[in-house]
Amino acid sequence: MGEGGFGSLLPFVLMFVVVYFFMIAPQMKRAKKEKKFAAELKRGDRVITKSGLHGKVAELNDKDNSCVIETMAGKLKFDRSAISMEMSTKLNAPAKVK
């Protein structure tokens, strides 16, 4: 490399570092939390699916990574990844006293 060879690569390296810390790392952390949440589901948990369906976990199947959710209309089988972590934690959070 000639003069300023490293200097011309520096902006690209800095741009990659910024993209990694502000976009890639948080996304990987969130995916890890969602996977842990899906693995820790248990019978009786009140959940909300990503499509907005409210219900209670009736059965868990580890073979195909699915769960049966009991709703007012009956029981429905969903993949565990279809359960919304944020909405379910908000649903189960204790009520705030004013």
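In this chain, numbering begins with 1 at the start of the sequence shown.
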Asker: Which value, rounded to the nearest 0.5 Å, describes the distance between D45 atom CG and E40 atom CD?
Answerer: 10.0 Å

Asker: Linking I/L/V/M/F/W/Y whenever any side-chain heavy atoms sit under 4.5 Å apart, do F12 and M23 land together?
Answerer: no

Asker: Give the other cluster members for I69, using side-chain heavy-atom distances under 4.5 Å between Ile, Leu, Val, Met, Phe, Trp and Tyr residues; answer none if it is isolated.
Answerer: F37, L41, V47, L53, V57, L60, L76, F78, I83, M85

Asker: Does A82 offer a backbone N or O that forms a donor-acceptor pair with the side chain of T49 under 3.5 Å?
Answerer: no

Asker: First locate atom CD of E34, then atom OG of S81, and finally report the distance between them rounded to the nearest 0.5 Å.
Answerer: 9.0 Å

Asker: Hey, are the side chains of F22 and Q27 touching, using non-hydrogen atoms and a 4.5 Å cut-off?
Answerer: no

Asker: Of the non-hydrogen atoms in K75 and A58, which two are nearest, and what is the gap between them?
Answerer: CE-CB, 4.4 Å

Asker: Among pairs that include at least one residue of residues 59-72, which meet salt bridge (charged side-chain N to carboxylate O under 4.0 Å, His left out), considering only residues two or more places apart or in two chains?
Answerer: D62-R80, D64-K77

Asker: Applying salt bridge (charged side-chain N to carboxylate O under 4.0 Å, His left out), which residue pairs with at least one partner in residues 83-94 are found, sequence neighbours left out?
Answerer: R30-E86

Asker: Answer with yes or no whether the hydrophobic clustering places V19 together with F21; edges join I, L, V, M, F, W, Y residues whose side-chain heavy atoms lie under 4.5 Å apart.
Answerer: yes

Asker: Do V13 and F16 sit in one hydrophobic cluster, given that two such residues count as connected whenever their side-chain heavy atoms are within less than 4.5 Å of each other, even indirectly?
Answerer: no

Asker: Quick one: pull up OG in S88 and NZ in K50 and give me the separation to the nearest 0.5 Å.
Answerer: 10.0 Å

Asker: Of all heavy-atom pairs between I48 and H54, which one has the smallest distance, and what is that distance?
Answerer: CD1-CE1, 3.4 Å

